[in-house]
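Before any comments, here is the structure.
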Amino acid sequence: MFPYPSGKLHMGHVRNYTIGDVLSRYHQMKGYNVMQPMGWDAFGLPAENAAMANNVPPAAWTYSNIEYMKQQLKSLGLGVDWSREVSTCKPDYYRWEQWLFTRLFKKGVIYKKTAVVNWDPVDNTVLANEQVIDGRGWRSGAIVEKRDIPMYFFRITQYADELLQDLDTLSGWPEQVKTMQANWIGKSYGVRFAFPYGKDEKLWVYTTRADTIMGVTFVAVAAEHPLATQAAQGNAKLAAFIEECKQGGVAEADIATMEKKGMDTGIKVSHPLTGEQVPVWVGNYVLMGYGEGAVMAVPAHDERDFGFAKKYNLPIKQSIAVKDQNFSDTAWQEWYADKENGVCVNSGKYDGLNLEKAVDAIAADLNAKGLGEKKVQFRLRDWGISRQRYWGCPIPIIHCPTCGDVAVPDDQLPVKLPENVVPDGAGSPLAKMPEFYECTCPQCGGKARRETDTMDTFVESSWYYARYASPQCNTGMVDKAAAQKWLPVDQYIGGIEHAILHLLYARFFHKLMRDEGLVQGNEPFVNLLTQGMVVAPTFYRDGEGGKKLWINPADVDVEVDAKARPLGAKLKADGLPVIIGGTEKMSKSKNNGVDPQAIIDAYGADTARLFMMFAAPPDQQLEWSDTGVEGSFRFLKRVWKAVHDHVEKGIVTAYSNGELSANAKALRLQLHQTIQKIDDDYGRRKTFNTAIAAVMELLNSLGKFDEDGAVARSVAQEVLENAVLLLSPIAPHIADALWRELRPGSKLVDQSFPKADPAALVQNEIELMIQVNGKLRGSLLVAKDTDKAALEQLALAHEAVVKHLAGGTAKKVVVVPGRLINVVI
RNA sequence: GCCCGAGUGGUGAAAUUGGUAGACACAACAGACUUAAAAUCUGUCGCUGAGUAAUCGGCGUACCGGUUCAAUUCCGGUCUCGGGCACCA
């Protein structure tokens with residue numbers, strides 16, 4: 001993944017790009033033609049915040065960050081092809097995004113509708129979820145409101161089925177990520193049906209549990225639902241409640257965890273099957289715009305409805321039973337929602353039916369009445385991309401009073417974003433710039449207004465991988481031949497935090513571009529490595545108005561108890577206490593990022609890379625600590641010394657033949673086992689920490705190998721040459737220098753990855769573990785081809801086994817070839 | 001609240017397909033070298049019991065339970081921590 005140019009690299013970046021560099025160097029050694037590109041996800045909110053804080057335009061801030069971070073990346077020794085560098089804030093990049101937008105707009109894949117946003121009534125501006133803290137605007141402190149505004153949407157739901165199904169083709173992706181995406185898309189099979197009311201009017205709902213329909217005791221609608229609006233006329237109390245529901249942010253986590261509240265509208269609708277009158281309530285947990293904005297409530301079999309019914313004394317009507325379980329409405333029981341074992345009860349003609357049969361029967365009856373039908377629904381919602389911000393890609397639409405929304409024609413693209421603007425945090429800057437928004441309609445030539453919203457920055461990051469194939473192409477988004485040569489991406493590496501949004505949007509974009517005939521294949525990334533996050537502790541002090549002032553861990557001293565648990569923390573500058581927050585992913589907003597530059601400066605890039613790779617396997621979360629960086633530095637010094645000590649005695653040719661001592665033979669065995677192991681670690685497992693450990697072990701063994709004859713020295717030469725090659729993807733600089741020592745006149749870049757010598761791997765004797773009842777009691781050295789019966793006899797005769805048998809007989813002997821023998825007594 | 005992960009010595013971790021738990025390091029301690037320190041090298045290093053010792057035994061992979069000759073690994077449940085939840089990227 002390409003970085004957001006936030007200012008400095010942090011350890012997450014170092015980890016991400018070192019992993020990529022190791023893999024690309026390894027694959028180069030394996031003979032592949034590897035492209036390792038880099039770019040900048042350059043639009044985004046932090047630039048606007050920095051601009052306001054420092055009175056510098058976001059563009060200038062961003063460009064200077066790119067400059068600095070590029071130097072940092074170079075100092076890491078990454079083999080990046082900088083001729084392919086891409087910056088998403090440059091017109092030659094976003095031009096093509098605008099171009100695609102106009103195509104999709106004309107096709108109807110992009111459309112306009114209203115959506116709910118966080119509104120700060122004091123700053124008169126839309127807030128990102130991140131800018132809403134405990135329901136208040138981060139700058140103004142005002143209570144945030146929900147507000148409906150018009151936005152452009154990508155019709156991603158049109159691709160929902162394909163996005164779901166193609167997950168099955170991604171064998172190179174972690175299961176975890178595929179599961180998360182499948183759940184996010186959330187395909188469900190249910191019934192959409194209506195509660196009739198008034199004169200032929202219908203209140204629609206959707207449910208996956210139509211089998212519980214006879215247990216419905218009320219219907220809950222969103223505050224913005226037309227029925228609620230209707231009921232609120234002439235009901236001041238209800239109107240006030242509806243206003244209250246509009247307070248607070250729109251983030252799902254907040255809505256799901258807030259206290260469930262409701263109020264009766266006084267309106268009643270008819271149950272579609274029984275005709276019974278059912279009250280309609282307004283619920284603050286029901287969202288307009290998701291589904292129908294109304295839900296049927298079955299308190300007996302839905303935990304949220306149960307809690308709501310208890311709180312407001314609404315009836316609870318059992319309609320599902322599970323054998324041997326007793327129903328009571330005093331406390332919620334897990335089995336009340338059991339889908340497997342439940343059958344209908346108190347449900348008239350549906351009694352005794354299981355979920356599937358009840359749903360079929362109920363859907364058929366609803367259908368016969370014209371009140372409903374089976375429907376497949378997705379949890380996935382269309383992707384709203386309008387942002388009322390300045391530092392983003394302008395949406396290429398012109399609003400004409402006569403022609404409506406008109407896409408900007410190709411010859412007027414790109415719609416350039418002016419770069420000299422400093423936003424003030426109140427509303428969209430572009431909407432205050434007539435020189436930007438005043439324009440003429442491309443269709444009728446009349447006076448028109450340019451759209452002043454910009455696009456979600458996820459749009460830029462959804463297709464940059466494709467741009468890398470032909471970054472300078474000025475005839476299209478991609479050069480088709482280049483795209484065909486390079487795409488799909490063989491190895492994509494990114495943080496696990498992108499498992500859903502970014503990776504789903506990129507997959508969606510690939511399909512959009514495919515349908516435009518720009519790229520081939522259905523998926524952008526063949527193999528995905530999701531690196532675990534680099535996390536660090538957070539520290540803060542309470543500022544005015546409940547704002548938290550985040551303090552960098554580097555500026556804090558932490559006191560710990562004997563068990564290394566933190567007791568308290570103090571700011572180094574003033575010695576006064578600070579509050580310890582959680583351990584979180586390194587981010588600018590929590591100020592807990594650690595700048596890798598200090599380590600690179602003190603120890604060099606190779607040590608920084610080696611240490612980062614040695615600390616943990618790539619997909620595991622890593623709590624940052626530089627304890628141990630000394631050890632990585634020491635190891636590289638040991639390698640350096642071992643090579644120089646060896647070379648000083650004269651260079652020899654690596655072992656090819658000659659009589660080997662037992663020790664030399666054992667060393668060669670270990671060497672070639674190590675080659676095999678590391679090849680697998682780099683290629684299949686992508687566990688660089690164990691690869692490094694294996695080289696360490698090999699060098700430790702070489703250190704103990706003190707033979708000095710010609711053959712012995714040739715074996716030492718062989719070990720050192722291979723150790724340098726095995727280490728070179730991780731520590732390329734030192735490996736290059738050492739290779740020149742070991743093989744003067746030859747270059748490391750021309751070497752291929754070592755291959756294990758099958759002759760060296762032959763073992764005549766192996767050690768087997770002896771267990772008694774699964775417990776280790778000893779070991780046995782046997783000839784490799786000893787047969788099972790003989791092994792059993794040897795085990796039974798083993799001194800430890802005889803002792804435990806104490807004259808008795810073994811019940812069973814389990815022989816695991818090559819590993820162990822377990823005697824069961 | 002919902003979805004996805006993780007939990008192993010003082011610390012980072014290893015054990016790849018159910019088969020030797022703690023490889024490789026860090027820290028600590030002891031020793032060698034040194035006038036001294038640093039650097040370097042060597043050794044000890046999960047908890048616990050017995051033994052002068054060599055050694056022998058018990059327990060131990062967050063917690064409770066299960067499957068198995070054998071469980072860090074598989075299954076059920078619980079707790080804690082982390083990620084995501086659609087406008088941070």
Side-chain angles (χ1 to χ4, degrees), chain A residues 1 3-4 6 41 44-46 49 115 117-118 126-132 174-177 179-180 182-184 186 249-258 260 285 303-304 379-389 456-458 461 495-502 504-505 532-533 535 562-564 582-585 587-589 614-617 619-623 625 627-632 634-635 637-638 641 677 680-681 684-685 687 689-690 692-697 700 703 767-771 773-776 779 811-814 816 818-820 822-825:
Chain A
M1 281 202 56
Y4 176 78
S6 55
D41 189 12
L45 195 56
N49 298 337
V117 294
N118 304 305
V126 177
L127 297 178
N129 284 335
E130 191 190 51
Q131 296 172 316
V132 179
E175 285 305 319
Q176 176 195 0
V177 174
T179 308
M180 279 192 260
N183 291 340
W184 182 262
V250 298
E252 190 189 302
D254 294 336
I255 291 164
T257 49
M258 75 187 174
K260 308 287 174 288
Y285 60 93
E303 191 168 3
R304 188 175 62 180
R379 204 187 79 94
L380 182 69
R381 309 196 297 260
D382 276 340
W383 176 17
I385 53 111
S386 295
R387 299 289 180 269
Q388 298 68 46
R389 296 191 210 297
D456 181 359
T457 58
F458 270 126
S461 57
I496 185 68
E497 71 271 28
H498 297 292
I500 295 171
L501 292 178
H502 164 65
L504 189 65
Y505 292 148
M533 263 153 313
V535 299
K563 285 193 167 178
T583 297
E584 297 184 50
K585 73 167 169 170
S587 72
K588 208 169 168 64
S589 60
F614 188 52
D619 56 0
Q620 190 168 311
Q621 176 171 294
L622 178 60
E623 187 165 346
S625 153
T627 315
V629 66
E630 281 280 353
S632 294
R634 263 203 293 267
F635 170 64
K637 281 196 289 187
R638 271 206 297 275
K641 189 166 181 302
K677 183 203 161 38
D680 189 44
D681 281 352
R684 179 183 62 90
R685 296 213 304 155
T687 52
N689 54 330
T690 51
I692 294 165
V695 182
M696 287 174 170
E697 284 178 80
N700 289 346
E767 194 182 25
L768 292 181
M769 294 302 133
I770 303 293
Q771 291 184 340
N773 288 342
K775 281 193 175 152
L776 182 69
S779 65
K811 267 191 216 155
K812 187 176 173 184
V813 181
V814 183
V816 183
R819 291 227 177 236
L820 55 77
N822 186 16
V823 180
V824 185
I825 296 173

Query raised in the report: With sugar-phosphate meaning primed atoms plus P, OP1 and OP2, does A:R685 contact a base, only sugar-phosphate, or nothing at under 4.0 Å between heavy atoms?
Result: base
Query raised in the report: Are any of A:N773's side-chain N or O atoms less than 4.0 Å away from OP1 or OP2 of B:rA70?
Result: no
Report task. Would you state whether a donor and an acceptor, one from the side chain of A:Q131 and one from the base of B:rC87, lie under 3.5 Å apart? Result -> no
Query - d(CG, A:N700; P, B:rU40) in whole Å - result: 14 Å
Query raised in the report: For A:G384, which contact category applies under a 4.0 Å heavy-atom criterion: base, sugar-phosphate, or nothing?
Result: sugar-phosphate
Query - Any A:K775 side-chain N or O less than 4.0 Å from OP1/OP2 of B:rC59 - result: yes
Requested in this report: Describe the nucleic acid contact of A:K811 in one word from base, sugar-phosphate, nothing, applying a heavy-atom distance below 4.0 Å.
Outcome: nothing
Query raised in the report: With a 4.0 Å cut-off on heavy atoms, is A:V126 in touch with a base, just the backbone sugar-phosphate, or nothing at all?
Result: base
Report summary line: B:rC85 -> Watson-Crick or G-U wobble partner, both distances under 3.5 Å, gives B:rG1
Report task. Can you tell me the pairing partner of B:rG76 across any strand shown, Watson-Crick or G-U wobble, with both distances under 3.5 angstrom? Result -> B:rC64
Requested in this report: Identify whether any heavy atom of A:L380 sits under 4.0 Å from a base atom; if not, whether one sits that close to sugar-phosphate; answer base, sugar-phosphate or nothing.
Outcome: base
Query raised in the report: Could you run down nucleotides 78-85 of chain B 5' to 3' and tag each one B, S or - for protein heavy-atom contact under 4.0 Å?
Result: ----SSSB
Query raised in the report: Within the modelled atom types, does a donor on one side and an acceptor on the other bring the side chain of A:N822 and the base of B:rC69 under 3.5 Å apart?
Result: yes
Report task. Could you check whether A:F635 gets within reach of a base, just the sugar-phosphate, or nothing at all, counting any heavy atom under 4.0 Å? Result -> nothing
**Report entry** B:rU16 base / A:R684 side chain donor-acceptor hit below 3.5 Å
**Finding:** yes
